[in-house]
Amino acid sequence: MPEQKTLQLVQSYTRVRLALGFLGLALPVILLIGGLTSSEGSCVRTGSLEPTISDFYHTAYRDIFVGALCAMGVFLVSYRGYPREAGEWISDNGLSTIAGLAGFGLAFFPNDGGICRETQSIFQQLVGPGAARNLHYAFALIFFLSLAGFCFFKFSKTGRTWRGRIYIACGYGILLALLLTAIAVFFKTREGSWLGSLVVDYSLIFYFEALGVWAFALSWIVKSRADQSIVRRILPPHRRPRD
């Protein structure tokens, strides 16, 4: 039955979107709490909160960091979405696959590899610490731009009211996070700069990155609820899904 297939399709997408959204919401929070309460330092910095989310790869929270990114990668690569419509330059599946592969790259090619020589991963050994770091930054850019693309070009076309404004706001939030992160990294690399010290001492890059992660997470959660609303309007009352 067409209605039953529609319902099953939407419910499947809803679960994936919710899982991605909750993972995105939870990851920075877990790392934030862990970093502030942990008594251990890392090979990146001795202290409480790491300067960036990626720096948690070099701490006791590596499993959480890598596990969350791999889970996001799996969800994104397996996400089919809706077929490409006329005029669209890429399908939902194509864009999510790019984002998912970039998520795997973020997890497996860590940053600051030259600092933690005693804990080099197999990928750092394969391409070298410097190349792994550069790949990490490239994958991060691809990951966030792909997710911003969902907000601007995929989700917003089905959200004509307040939801559409949320998608656009989340897209701009991701781009803002990328811009602020780039500016912070620029000052961080300037030795002796008081702005660089400010960036490191207050972990500003961590919070800028968290802003981008939370923005994409919010957009996927809102989208999951939007499709449920569409089903309620299409299906008869006795067939509509509950909240």
Side-chain angles (χ1 to χ4, degrees), residues 15-36 44 48-59 61-77 79 95-112 133 135-156 166-185 188 199 202-225:
R15 293 189 186 100
V16 173
R17 288 169 178 151
L18 280 176
L20 275 167
F22 287 135
L23 272 173
L25 289 178
L27 179 59
V29 174
I30 293 173
L31 296 181
L32 176 64
I33 295 174
L36 293 177
V44 176
S48 54
L49 188 62
E50 298 300 314
T52 74
I53 290 178
S54 297
D55 287 334
F56 277 90
Y57 178 93
H58 308 290
T59 71
Y61 291 88
R62 175 188 298 188
D63 293 345
I64 294 176
F65 173 78
V66 173
L69 285 175
C70 286
M72 291 181 189
V74 169
F75 282 129
L76 286 165
V77 169
Y79 177 78
L95 191 57
S96 65
T97 298
I98 293 173
L101 293 177
F104 286 122
L106 274 171
F108 296 137
F109 292 93
N111 71 335
D112 295 317
R133 180 184 62 248
L135 285 171
H136 179 86
Y137 296 145
F139 283 128
L141 182 62
I142 295 171
F143 181 75
F144 281 109
L145 287 179
S146 299
L147 294 173
F150 266 102
C151 295
F152 288 125
F153 306 117
K154 297 297 183 180
F155 294 164
S156 61
I166 289 179
Y167 300 140
I168 296 299
C170 288
Y172 281 118
I174 294 172
L175 296 183
L176 176 62
L178 285 174
L179 176 62
L180 293 175
T181 298
I183 294 173
V185 169
K188 179 185 175 183
V199 168
Y202 290 93
S203 302
L204 294 184
I205 298 177
F206 176 95
Y207 291 110
F208 295 154
E209 291 174 338
L211 170 64
V213 174
W214 285 330
F216 107 72
L218 176 61
S219 67
W220 283 75
I221 291 174
V222 172
K223 182 59 178 174
S224 72
R225 305 306 301 166

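Atoms considered below: every heavy atom in the structure, side chains included; atoms not considered: hydrogens, waters and symmetry mates.
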Legend entry - Any donor-acceptor N/O pair, T181 side chain to I205 backbone, under 3.5 Å: no
Inset, instruction - Would you check if L175 and L145 make a side-chain contact, meaning some heavy-atom pair closer than 4.5 Å? - result: yes
Legend entry - Minimum-distance pair of heavy atoms, taken over all atoms of I142 and A102: CG2-CB, 3.9 Å
Legend entry - Side-chain heavy-atom pair L69, F65 within 4.5 angstrom cut-off: yes
Legend entry - Separation of L23 CG from L18 CG (nearest 0.5 Å): 11.0 Å
Legend entry - Close side-chain approach of Y172 to C151, heavy-atom, < 4.5 Å: no
Legend entry - Reported CG-to-CG distance for the pair L25 and L20, which is rounded to 0.5 angstrom: 11.0 Å
Legend entry - side-chain contact (heavy atoms from CB on, under 4.5 Å) partner of T52, the single match among V199, L204, N111: N111
Inset, instruction - Please name the pair of heavy atoms, one in I98 and one in S146, separated by the smallest distance, quoted to 0.1 Å. - result: CG2-OG, 3.5 Å
Inset, instruction - Would you check if F139 and L101 make a side-chain contact, meaning some heavy-atom pair closer than 4.5 Å? - result: no
Legend entry - Any M72 side-chain heavy atom under 4.5 Å of L147 side chain: no
Legend entry - pair H136-L106: side-chain heavy atoms closer than 4.5 Å: yes
Inset, instruction - Return the orientation label for the F155 and F150 ring planes: parallel under 30°, perpendicular over 60°, tilted otherwise. - result: tilted
Legend entry - Distance-minimising heavy-atom pair for L31 and F206: CB-CE1, 4.2 Å
Legend entry - side-chain contact (heavy atoms from CB on, under 4.5 Å) evaluation trace for Y207 with L180: CA-CA 10 Å; Y207 291 110; L180 293 175; over 6 Å; no
Inset, instruction - For F143 and V213, run side-chain contact (heavy atoms from CB on, under 4.5 Å): C-alpha distance rounded to whole Å, both residues' side-chain angles, the deciding distance at 0.1 Å, then the answer. - result: CA-CA 10 Å; F143 181 75; V213 174; 5.7 Å; no
Inset, instruction - Give the minimum heavy-atom separation between A215 and I174, together with the two atoms involved. - result: CB-CG1, 3.8 Å
Legend entry - side-chain contact (heavy atoms from CB on, under 4.5 Å) evaluation trace for Y137 with V185: CA-CA 11 Å; Y137 296 145; V185 169; 6.0 Å; no
Legend entry - Distance (rounded to the nearest 0.5 Å) between E50 CD and L32 CG: 12.0 Å
Legend entry - R62 side-chain N/O to Y57 backbone N/O, donor-acceptor pair under 3.5 Å: yes
Legend entry - Inter-residue atom distance L218.CG - K223.NZ, 0.5 Å rounding: 13.5 Å
Inset, instruction - Answer whether the closest heavy-atom distance between the side chains of P110 and H58 falls below 4.5 Å. - result: yes
Inset, instruction - Would you indicate whether the side-chain heavy atoms of I64 and F56 approach each other to under 4.5 Å? - result: no
Inset, instruction - Spell out, as yes or no, whether a donor-acceptor pair under 3.5 Å connects the side chain of S219 to the backbone of C170. - result: no
Inset, instruction - Work out which heavy atom in V16 is nearest to a heavy atom in Y79; give both atom names and the distance. - result: CG1-CD1, 3.8 Å
Legend entry - L27 versus A68, closest heavy-atom pair with distance: CD1-CB, 3.8 Å
Inset, instruction - Run the ring-centre check on F75 versus W220 and record whether the distance is less than 6.0 Å. - result: no
Inset, instruction - Could you grab the distance from atom CG of D55 to atom OG of S203, nearest 0.5 Å is fine? - result: 9.0 Å
